[in-house]
Amino acid sequence: MYDIAAALVVQQLAEFLGALSEVSDVPNTYRTATMRAARALDAEMVAVLRGDAIAAAVGFPAGQAPVGDLLAVVSGERATVEVPGCGACPAIFAPSASGPAEYLVVARGGAGGFTVEEASLVRGMARVLELHVHMLKSLAAERSQAARNSELVDSLSERQRLLEHLSGIQRAIARRAPLSRVLNMITAGAHEMLGEDGVALWLLDSDEPAMLVMTSETGLPEQVVRQPSRTTVAEAGTAGRAIVDDNLSTVADPGEVSMAVPVHDSGTVVGALAVTAHGLDRVYEKRDHDILHAFAEHASLAVTDAKTFQALNKASHDLITGLVSRSPFMEQLQRGLSVASHAGDRLGLLFVDLDGFKLVNDSLGHAAGDAVLAEVGARLRACVRATDTVGRVGGDEFAVLLAGFETDDEVIAVADRVLDQVSRPFDLTGQDVFIGASVGVTFSTPASPDADALIRDADLAMYHAKRTGKGRYEVFRPAMQEAFEKTLNLATDLRRALERDELVVHYQPICTLADGEPTGLEALVRWRHPTRGMVAPMEFIPAAEETELIIPIGHRVLREACRSTSAWNQRRALAGLPELTVHVNVSILQLRGDTVELVAEVLRETGLGASRLVLEITESYPALDLKQVCHQLHRFKDLGVGLAIDDFGTGYSSLLALREFPIDTIKIDKSFVDDLDRPGDRSELTRAIVQLGHAVRRNVIAEGVESERQRRALLDCGCRLGQGYLFAKPLDHAAAAALVLPGPAAGSLEPAAGAGTTS
């Protein structure tokens with residue numbers, strides 16, 4: 001397999017070859033070679049050194065190239081060249097393979113030197129330059145003697161024809177003509193130049209290296225062409241010998257004379273170009289050897305270029321989705337901006353980020369994740385026109401480039417289609433998986449500076465869409481940049497808050513509705529900021545989730561809540577009071593890690609009984625995570641820990657959760673409790689939830705109880721437990737201790753360090 005760096009080398013070499021093929025004299029060939037090499041390698045200096053003279057150079061004032069320094073480089077005496085304005089620049093060189101001493105010398109500033117691929121490119125350029133100059137010089141020499149005799153005139157004409165054939169092949173390679181067409185040009189040219197002898201190009205089968213395949217032929221007798229076009233290397237005669245020996249091979253048999261030279265791909269023998277004379281008294285001389293070598297060299301260039309261009313094309317396209325990858329997408333976006341700017345048009349850009357995809361990968365495996373990505377790619381293509389561009393620009397990030405629209409509404413309509421298509425179920429071997437998408441939309445303006453800025457704006461709009469609900473789109477507004485910077489600053493502050501113990505645990509009692517007696521506590525995070533005071537959880541919890549800081553925050557609150565509750569329960573036991581339970585929120589992110597082991601360790605450290613700990617998970621987990629969540633929750637149950645669903649009734653899978661998960665408690669979302677205070681009798685659904693909980697033998701806790709009317713209505717519905725401002729607001733450690741302990745309770749039980757939690 002070819003890597004991207006090697007693919008780029010061959011692409012640059014093909015462009016170099018194509019540029020030289022347009023030049024018909026030696027001095028301009030050298031000048032073109034130095035300029036093209038400097039551009040391809042981003043070099044400060046390139047020179048062609050012939051003997052002790054400079055044939056051409058860039059990077060120095062005319063006539064001032066330091067011949068002595070360059071000779072020292074090619075002799076190995078020094079490794080740098082002083083380039084005006086750049087100082088001492090690391091240099092590399094490549095010699096010609098034959099003829100007088102000729103070197104292509106390249107120097108570039110910086111400490112990094114040259115990569116292996118760049119050194120290979122310099123060697124390839126030196127070889128192509130040598131071939132082209134050799135042809136031009138031979139032709140020029142014969143032209144100067146053309147008037148002497150008819151034999152030289154014939155030789156000149158032959159050289160001219162050879163040059164025309166090889167130049168045409170070079171142009172075809174540079175213009176990315178199909179490989180089959182280039183190879184047919186090679187066998188046809190060799191057939192013409194070698195006196196109508198039959199020519200065949202044999203290449204090794206990539207799947208069966210011991211087999212040769214006749215890839216192109218010209219002039220072979222019909223009975224030979226009808227024979228199988230596949231044979232083993234051992235049975236391939238002259239072509240097989242040339243491949244094995246990696247050298248020119250000739251065989252003279254009665255009635256048939258053949259000659260073959262090897263064909264290479266990046267220096268490795270991959271085939272042979274063979275010529276055969278049937279029924280003729282034929283002798284192949286040096287002139288014939290040179291011609292066949294010239295065509296074989298160009299066959300090598302064509303094969304290497306075609307294979308590597310195919311690898312480059314694969315590298316520019318995402319293997320999973322078939323969409324263009326980030327780098328070529330950005331190049332197309334930049335070109336589109338340039339065209340739109342000159343034409344007075346605008347571009348539309350969508351940045352699509354999948355919601356819930358990471359959980360697919362983590363819970364169902366990478367194969368399932370790849371299947372979802374491939375299907376997302378197909379659905380996105382179906383949302384746009386053939387002229388639009390869809391790319392995969394990140395792990396689960398996609399971008400859509402739209403042009404030629406009349407109104408902004410047309411682009412918005414595409415965003416709506418994307419949201420609709422991605423939200424549809426994905427069938428993974430019979431299992432429906434649901435994800436979603438958040439989409440950022442932006443439009444170019446005449447002032448749009450570059451592709452990076454435009455995609456950054458679309459990314460910011462997507463980020464805003466994700467923060468404000470997911471499954472929706474947002475159109476970029478400049479104010480989003482300010483909001484994003486605020487979030488980044490918040491995340492930075494949050495990391496410092498963890499280091500400085502600014503996150504503390506407050507506790508809200510869970511009470512019996514009948515008499516308000518506390519039976520448990522829910523641990524709630526509070527951020528005691530040194531300059532801003534108490535920061536509301538809704539301000540920083542989303543940032544904690546996005547940055548995955550929620551994991552260390554959750555771990556810290558778990559330890560602190562268990563430590564405090566264990567100490568309080570010991571004091572309550574001495575006073576003859578029942579033990580309290582403590583509810584701790586657990587993020588879905590934590591369920592992917594080693595939280596089970598952590599909980600077991602915390603219970604051992606703090607001495608809290610497992611039955612006194614209840615872990616609350618939000619009901620809005622994605623259905624796709626069902627198998628993995630189930631596995632983790634059953635492991636918690638094996639520890640003896642209680643489990644509760646928080647915000648019950650707000651998600652789309654309440655009944656599924658009750659059926660599949662080992663849940664002990666459901667906590668009715670505050671929105672249903674609020675209904676009990678509104679005009680008219682709106683308690684039916686709340687009553688139904690309570691009855692459902694009892695029917696499936698689950699404890700039921702009502703959240704957000706704030707009025708006496710709500711308390712009485714909940715009691716009428718059969719609900720026994722509740723929490724809310726009617727009983728107590730969230731309390732700091734000392735206030736919570738005073739509430740749950742008999743007599744003076746704070747002091748020695750004050751926590752040694754701050755902590756946080758997830759709600």
Side-chain angles (χ1 to χ4, degrees), residues 313-330 332-333 348-402 410-442 455 458-475 546 588 592 620-628 652:
N313 186 56
K314 287 183 178 179
S316 69
H317 284 71
D318 174 54
L319 296 178
I320 295 173
T321 64
L323 304 175
V324 294
S325 52
R326 183 181 183 88
S327 181
F329 182 88
M330 296 299 289
Q332 291 187 43
L333 177 55
L349 181 66
L350 309 184
F351 195 95
V352 182
D353 184 85
L354 302 183
D355 299 330
F357 173 76
K358 185 172 176 59
L359 291 173
V360 174
N361 246 14
D362 292 344
S363 58
L364 301 181
H366 291 294
D370 289 350
V372 169
L373 289 174
E375 178 62 20
V376 168
R379 295 185 190 186
L380 292 183
R381 282 194 296 267
C383 292
V384 300
R385 303 161 299 183
T387 54
D388 299 323
T389 302
V390 182
R392 183 184 175 202
V393 296
D396 61 347
E397 296 172 337
F398 299 81
V400 181
L401 177 60
L402 306 163
E410 295 175 43
V411 176
I412 299 302
V414 174
D416 278 327
R417 287 199 295 273
V418 167
L419 292 172
D420 176 67
Q421 287 296 316
V422 177
S423 67
R424 297 177 183 275
F426 293 79
D427 183 1
L428 298 183
T429 61
Q431 177 182 355
D432 279 349
V433 165
F434 292 87
I435 61 172
S438 298
V439 180
V441 183
T442 192
I455 205 160
D459 192 3
L460 281 172
M462 179 280 299
Y463 175 78
H464 191 74
K466 191 176 286 287
R467 288 205 70 193
T468 53
K470 299 185 180 180
R472 57 195 302 274
Y473 71 83
E474 280 282 353
V475 179
E546 291 167 19
I588 288 296
R592 300 204 311 265
S620 58
Y621 53 82
L624 59 89
D625 201 35
L626 180 63
K627 182 178 179 181
Q628 196 258 359
Y652 52 79

Quick one: closest heavy-atom pair of [X] and [Y], and the distance?
X	Y	result
L402	V411	CD1-CG1, 3.7 Å
L349	A458	CD2-CB, 4.0 Å
Q421	C383	CG-SG, 3.6 Å

Can you tell me how far apart [atom1] ([X]) and [atom2] ([Y]) are? Round to the nearest 0.5 Å.
X	Y	atom1	atom2	result
T389	R381	OG1	CZ	12.0 Å
H464	R472	NE2	CZ	6.5 Å
E375	D427	CD	CG	9.5 Å
I412	Y473	CD1	OH	4.5 Å
D396	L354	CG	CG	5.0 Å

Next item on the list: Tell me, please, which residues at least two apart from D370 pass side-chain contact (heavy atoms from CB on, under 4.5 Å).
Entry: I320, L373

Next item on the list: Give a yes or no on whether the backbone of G394 and the side-chain of R392 come within a donor-acceptor separation of less than 3.5 Å.
Entry: yes

Less than 4.5 Å apart, side chain to side chain, heavy atoms only: is that true for [X] and [Y]?
X	Y	value
V376	T321	no
V393	F351	yes
I455	M330	yes

Check: Where do F398 and L350 land on the side-chain contact (heavy atoms from CB on, under 4.5 Å) test, with the steps shown first?
Finding: CA-CA 8 Å; F398 299 81; L350 309 184; over 6 Å; no

Let me check something: any side-chain donor-acceptor pairs from residues 433-442 under 3.5 Å, sequence neighbours excluded? List them with distances.
residue: S438; atom: OG; partner: D355; partner atom: OD1; Å: 3.1
residue: S438; atom: OG; partner: D355; partner atom: OD2; Å: 3.0

Notebook entry, point to check: For R424, which residues count as a salt bridge (Lys or Arg N to Asp or Glu O under 4.0 Å) partner, sequence neighbours excluded?
Noted result: D420

